[in-house]
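Before any comments, here is the structure.
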Amino acid sequence: MAERKILHSDANAFYASVECVLHPELKGRAVAVCGSAEDRHGIVLAKSELAKRTGIKTGMTNRQAKALCPDLVIVPPHHDIYAKFSKRLHEIYGRYTDFVEPYGLDECWLDVTRCNKPSLQIAEELRETVKREIGITVSVGVSFNKVFAKLGSDLKKPDAVTEITRENFREKVWRLPCSDLIYCGRATTEKLKSFGIRTIGELAHCKREFLEKQFGKNGGKLWQNANGLDDTPVSRYGEEEQAKQVGHGVTCVADLSDLEEARAVLVALTQEIGQKLRLLKLQANGVQVTVRDNGLAFESWQEKLETPTQSAAVLAAASLDILRKRYQWKRKIRALTVSAIHLESVEAPRQLSLFGETDEKQRRVEEALDKIKGKFGDGAIRPAVLLGETKLPEHKNGRQAPLPKA
Ligand SMILES: [Mg+2]
């Protein structure tokens, strides 16, 4: 089989860069996109290159950021505009191949194996074209698999191209820490460290069986990825809607201090998820809740559902139940994400449950609500719980997409 040609293009400081395009007067200034302009509650969602150089990090409070950089310009996020810019990026990528797989709003893999041009040339063209037509910069990784292409796009930023080949990956990749590999999260990195495995090279030289014993199937994946053996295909554009999960998350305007406050947010999140599931004709067999506390530590739990569902009410109840049972409230909650997981197509045979009829009724009610929302907009209907004091926080769409980096 011919060697694959894979690119990974990552927009640099995406939110902040888009803000600078919209407000050219911000160019050359340190800019941070923050959840709220208020010092006490806002946190940094994204920062410009200049802001980054002053030490500002995603997730800091506005006050911390201002302390590091008194000249910092704080702007609120415009998610709908970022989505439009994201589409424009996809359009440029689509000129080269149908195999364009987005990863979050600002990253994409491209499979350009069938293009006649050398992949390095395509990468340079992309970089130039994006800059010229959209006014923002991208970093592009070029490699023979998705994992190394993604890694390559992280190695040099902003506005750069990095190639990782079969010949040079041992020299370029193996000295890097394991956490630079996609899918090697914090818990995995820590566990690897406890075995004395710190670099990707050390990971590559491990016995595969040992990793599988320690990490299950993921251990085998890690070993493959470290050795340049990742062979997962790049999806065709649009196919990624066959999502493995439908998630929605918020960074809260004010930290949540108890279950009652969390309930309001969970209800809001699951409304969006229910709507999206019905749009995609998918139903969930499980729910996952991820919490980031105000010390910025993450925790995540998941549970199976009795029967598959598209119902926001069922998802809300299940996620509330998870939070009630699992979260200890040692700290307040800063950010919450709910994901519908173990998805299947609605056409799949439906099992009758004890609550089958109720669930069906609920589904029809929510379907009707979707129609009204479609006609009159999102604001037309709000669950009663949201009509109280609770302020709806900023939200971002996400598969398991992490907070915007950069
Ligand atoms: Mg980026």
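We count ligands from 1, going down the list as the structure has it; atoms in each ligand are counted the same way.
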Open item on the list: Ignoring hydrogens and geometry beyond distance, is a side-chain donor-acceptor pair present between Arg331 and Asn294 at under 3.5 Å?
Closed with: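 Per modelled atom types, Arg331 and Asn294 side chains form a pair under 3.5 Å.
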Open item on the list: Any N/O/S atom, side chain or main chain, of Ala11 closer to the Mg ion (ligand 1) than 2.8 Å?
Closed with: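 Coordinating: yes.
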- [ ] Report yes or no: does Asp106 have an N/O/S atom closer than 2.8 Å to the Mg ion (ligand 1)?
- [x] yes
Task: Nearest non-hydrogen partners of Tyr237 and Pro102, listed with the distance - done: CE1-CG, 3.9 Å
- [ ] Could you please spell out the steps behind the side-chain hydrogen bond (donor to acceptor under 3.5 Å, both in side chains) verdict for Ser235 and Glu101?
- [x] CA-CA 5 Å; Ser235 312; Glu101 181 183 332; 3.2 Å; yes
Task: Asn227: which of Leu229, Asp230, Asn225 passes side chain to side chain contact (heavy atoms under 4.5 Å, CB included) - done: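 Exactly one pass, corresponding to Leu229.
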Open item on the list: For N/O/S atoms only: which one belongs to Asp10 and is nearest the Mg ion (ligand 1)?
Closed with: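 Sorting the N, O and S atoms of Asp10 by distance to the Mg ion (ligand 1) puts OD1 first.
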